[in-house]
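What's counted below: heavy atoms across the whole structure, side chains too, no hydrogens, waters or symmetry copies. Computed from a predicted model, the values in this text were never measured in an experiment.
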Amino acid sequence: MSTAFRWVEQARSGRARAGHLHTAHGTVPTPTFMPVGTVGTVKAMTMDAVRSTGAGIVLGNTYHLMLRPGAERVRALGGLHRFMDWPGPILTDSGGFQVMSLGPLRKLDQDGVTFSSHIDGSKHRLTPERSTDIQHALDATITMCFDECPALPAAPEVIAQSMRMSMRWAARCREAFVQRLGYAQYGIIQGGTEAELRAESVRALTGIGFEGYAIGGLAVGEGQELMFSTLDATTPLIPWDSPRYLMGVGTPDDLLGSVERGVDMFDCVMPTRAGRTARAYTERGTLNLRNARHAVDSRPISPHCDCLACTRHSRAYLHHLFRANEILGPMLLTWHNLAYYQRLMRGIRSAIVEGSLEAHAAWLRAQWAMEDWTPDEMPLPDIPPVP
C-alpha cells in the first residue's frame, strides 16, 4: 500500500537533522547518501551488492537514459525499478547538468535546450516538460526540475539571469508533473554563491510549492569554504518540514559539514569513481592501492569495515588485482567505498539522535587527519571461509 511522500523529523542537533523520508517505494532514514546509478546501474556493482552496503535510495539520470535505452523502452519493460532490480526509491536527475556540460554540442533558448548526443551526434531536445515526462516514464520516485547550471565563476548578472530562467522552468516542470501518492518533485535552488540570489530562488520555488528542495550549482570548483558559507545562507530559508538535497557532493568532510548545516540527502560519483581508480576511503583518509607499499600487506583496507573486500581479502590482493588490470579490483573497491560512505552516514545519523554530533564530528575530523593504521593497531582479522 502506497504512503504519502513526507519527511518526518526524528531528532535535531543544532541545524543538523535526523529523520525518515517516506515514499511510495519505501522509507529512507536521513541523512542519506545516494549511490549514483547514472544509466540504470551503479558501476561495477550488482544491486544486491549495493543493498548490502546499507543504501536505501539510488540515483538515475534522465539525459543518459533518454539516449539509451530510451525512456519509453524502460516504461515498456516495467519501469526503472524493475529494469535495474531496485524496488526501493529512485531519484532521477533532470539531465540539466549533463546537457549544460556539452558546451558547443548544445544550444540554449528560453524554452529549453537542443543538443547533439555525445554518443552518436543525433539531435535531441529537452524542455522542462519533456524532462518531467521522461522521468515519469522511468517511474522515478523523486523527479527533479529541469534547470540551467551555469559554470562558475560567473558575473552576478549572468548567474541572476540563469537562475531566473531556471525558476520559470521550475513552474513549467511543476505544471507537467503528475501527482501520485508517495511520489515527489524537487525544485532546485540556484544562484551561485550569491546569498541574495539564493534567497530569491528559494522564495520563487517555495511560492510554486514542491515536496522537497535541492541545492544545485555547488561543488563546481568554488571550494569548500565558499560552499559552506552558501549553505549557511541558504538552508535556513528552506521549509523545515521539507527534505533538503545537496546535489553532487562530495567528500566525507563535505558530507559532515553539510549535515551540520541542515542537509538531508547527497549524491556523488566520488566513491564509485575512486573505486575504479584504486583509491579507498577509510576512517584514516584515502589509500592508493596501486602503491608498492601495499604489495605485501596482509591487512584489510580497514579494521572497521565488513564489506567483502575487507572481510575476505588483503591490501596485497587488491594491489595485485589493480596491477594486473583485473576487473575484480574495481568491483571490490567500489563495494568498499560505498560501504564506507553508508557507514559514515549511519554514524552521523546516530550521533544526531543521541545528541552527540559535536563530539562525533570532532572525532571524525581527528581520525581523517591521522596517518594510516600501524600494524600494531590493525592486526589481520579472522577471515571467514568462503561458503
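- Residues in residues 89-109 take part in these salt bridge (Lys or Arg N to Asp or Glu O under 4.0 Å) pairs, two or more places apart or across chains: Asp109-Arg125.
- Leu226 and Ile189 are not part of a single hydrophobic cluster, where members link through side-chain heavy atoms under 4.5 Å apart.
- Minimum heavy-atom separation, Ala309 to His336: CB-CB, 4.2 Å.
- For CD of Glu371, the number of neighbouring non-hydrogen atoms (other residues, nucleotides, ligands) closer than 6.0 Å is 12 at most.
- Atom CZ of Arg75 has more than 12 heavy atoms from other residues, nucleotides or ligands within 6.0 Å.
- Legend: salt bridge (Lys or Arg N to Asp or Glu O under 4.0 Å) pairs involving residues 184-201, not counting sequence neighbours, sorted by first then second residue: Arg164-Glu200.
- In this structure, NZ on Lys43 lies 6.5 Å from OG1 on Thr38, to the nearest 0.5 angstrom.
- His319 pairs by the ring-ring contact (aromatic ring centres under 6.0 Å, His included) definition with nothing, not counting sequence neighbours.
- At most 12 non-hydrogen atoms from other residues, nucleotides or ligands lie less than 6.0 angstrom from CD1 of Ile327.
- Atom CD of Gln161 sits in a sparse spot, with 12 or fewer heavy atoms from other residues, nucleotides or ligands closer than 6.0 Å.
- Its side chain within the 4.5 Å cluster rule, Met265 clusters with Phe5, Trp7, Leu21, Val28, Met34, Val36, Ile57, Leu59, Leu91, Ile142, Met144, Tyr186, Ile188, Trp240, Tyr245, Met247, Val269 among the Ile, Leu, Val, Met, Phe, Trp and Tyr residues.
- Ile301 and Val296 fall into different hydrophobic clusters, where Ile, Leu, Val, Met, Phe, Trp and Tyr are joined by side-chain heavy atoms under 4.5 Å apart, directly or via other members.
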- prompt: Should His25 and Ile90 be marked as a side-chain contact (heavy atoms from CB on, under 4.5 Å) after you check the CA-CA gap, both sets of side-chain angles, and the distance that decides it?
  reply: CA-CA 8 Å; His25 297 104; Ile90 299 174; over 6 Å; no
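- Cys145 SG to Asp147 CG: the interatomic distance, rounded to the nearest 0.5 Å, is 8.0 Å.
- Formation of a donor-acceptor pair under 3.5 Å by the Asn337 side chain with backbone atoms of Arg279 is found in this model.
- Atoms CH2 and OG1, from Trp86 and Thr41 in turn, are 12.0 Å apart once rounded to the nearest 0.5 Å.
- Enclosure of atom CZ in Arg180 by more than 12 non-hydrogen atoms of other residues, nucleotides or ligands within 6.0 angstrom is indicated.
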Acceptor/donor pairs from residues 204-212 side chains to any protein atom, 3.5 angstrom cut, sequence neighbours excluded:
{"unit_1": "Thr206", "atom_1": "OG1", "unit_2": "Val202", "atom_2": "O", "d": "2.8"}
{"unit_1": "Thr206", "atom_1": "OG1", "unit_2": "Arg203", "atom_2": "O", "d": "3.3"}
{"unit_1": "Glu211", "atom_1": "OE1", "unit_2": "Arg174", "atom_2": "NH1", "d": "3.0"}
{"unit_1": "Glu211", "atom_1": "OE1", "unit_2": "Arg174", "atom_2": "NH2", "d": "3.4"}
{"unit_1": "Glu211", "atom_1": "OE1", "unit_2": "Gln185", "atom_2": "N", "d": "2.9"}
{"unit_1": "Glu211", "atom_1": "OE2", "unit_2": "Arg174", "atom_2": "NH2", "d": "2.9"}

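- Under a 3.5 Å cut-off, the side chain of Thr127 and the backbone N or O of Arg130 do form a donor-acceptor pair.
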task: List the steps and the verdict of side-chain contact (heavy atoms from CB on, under 4.5 Å) for Cys268 and Phe33.
output: CA-CA 8 Å; Cys268 191; Phe33 178 83; 4.0 Å; yes
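- Applying the salt bridge (Lys or Arg N to Asp or Glu O under 4.0 Å) rule to pairs touching residues 336-348 yields Glu283-Arg343, sequence neighbours excluded.
- Sorted by first then second residue, the side-chain hydrogen bond (donor to acceptor under 3.5 Å, both in side chains) pairs that include residues 48-65, not counting sequence neighbours, are Asp48-Arg51, Arg51-Asp85, Ser52-Trp335, Asn61-Gln98, Tyr63-His118.
- Hydrophobic cluster membership is shared by Leu308 and Tyr281, with clusters built from Ile, Leu, Val, Met, Phe, Trp and Tyr side chains linked at under 4.5 angstrom.
- Across every non-hydrogen atom of Gly192 and Leu218, the tightest pair is O-CD2, 4.2 Å.
- Counted within 6.0 Å of CD on Glu175, heavy atoms from surrounding residues, nucleotides or ligands total 12 or fewer; the atom is thus considered open.
- Phe322 contributes atom CZ, which lies 11.5 Å from atom OH of Tyr317 (distance to the nearest 0.5 angstrom).
- In this structure, the side chain of Arg172 engages the main chain of Asp111 through a donor-acceptor pair within 3.5 Å.
- Between the side chain of His313 and the main chain of Leu318, no donor-acceptor pair closer than 3.5 Å is present.
- Listed for the Asn291 side chain is no donor-acceptor partner under 3.5 Å among the backbone atoms of Arg293.
- The stretch residues 223-245 participates, sequence neighbours left out, in these salt bridge (Lys or Arg N to Asp or Glu O under 4.0 Å) pairs: Arg15-Asp232, Asp232-Arg261.
- Distance check, rounded to the nearest 0.5 Å: CZ of Arg82 to CE of Met84 gives 14.5 Å.
- Side chains of Thr92 and Gln135: a donor-acceptor N/O pair is present below 3.5 angstrom, by distance only.
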message: Could you walk me through whether Leu344 and Leu256 satisfy the side-chain contact (heavy atoms from CB on, under 4.5 Å) test, starting with their C-alpha distance in whole Å, then the side-chain angles of each, then the deciding distance to 0.1 Å, before giving a yes or no?
response: CA-CA 9 Å; Leu344 171 67; Leu256 175 59; 5.8 Å; no
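- Residues Arg349 and Ala18 approach most closely at NH1-CB, 3.7 Å, considering heavy atoms.
- The two residues Met378 and Ser302 come nearest to each other via the heavy atoms SD-C, 4.0 Å.
- Residues Met165 and Leu197 share a single hydrophobic cluster, defined by chaining ILVMFWY side chains whose heavy atoms lie under 4.5 Å apart.
- The number of heavy-atom neighbours closer than 6.0 Å to CD of Glu9, taken from other residues, nucleotides and ligands shown, is above 12.
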task: For side-chain contact (heavy atoms from CB on, under 4.5 Å), just list the numbers for Tyr213 and Leu237, CA-CA rounded to whole Å, side-chain angles, deciding distance to a tenth of an Å, and then say yes or no.
output: CA-CA 11 Å; Tyr213 298 91; Leu237 306 177; over 6 Å; no
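- With values rounded to the nearest 0.5 angstrom, Met345 atom CE is found 9.0 Å from Asp264 atom CG.
- The shortest heavy-atom contact between Gly250 and Tyr341 is O-OH, 2.9 Å.
- Every salt bridge (charged side-chain N to carboxylate O under 4.0 Å, His left out) that Arg365 has, sequence neighbours left out, goes to Asp253, Glu260.
- The hydrophobic clustering, which links ILVMFWY residues whose side-chain heavy atoms are closer than 4.5 Å, places Val39 and Leu138 apart.
- Residues Arg68 and Asp120 are not paired through a salt bridge, judged by the lack of any N-O separation under 4.0 Å between the basic side chain and the carboxylate.
- The hydrophobic cluster of Val158 has no other members, since no ILVMFWY side-chain heavy atom comes under 4.5 Å of it.
- The shortest heavy-atom contact between Glu148 and Ser162 is OE1-OG, 2.8 Å.
- The hydrophobic cluster around Val8 extends to none of the other residues, as no ILVMFWY side-chain heavy atom falls under 4.5 Å of it.
- Of the possible donor and acceptor atoms, none in the side chain of Ser13 sits under 3.5 Å from a partner among the backbone N and O of Ala16.
- Among residue pairs with one or both ends in residues 121-164, those qualifying as ring-ring contact (aromatic ring centres under 6.0 Å, His included) are Phe115-His124, Phe146-Trp169; sequence neighbours excluded.
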task: Go through Thr3 and His22 one step at a time and tell me if the side chain to side chain donor-acceptor pair (under 3.5 Å) criterion holds.
output: CA-CA 7 Å; Thr3 183; His22 298 275; 5.3 Å; no
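- Judged by distance alone, the side chain of His294 and the main-chain N or O of Ala316 form no donor-acceptor pair under 3.5 Å.
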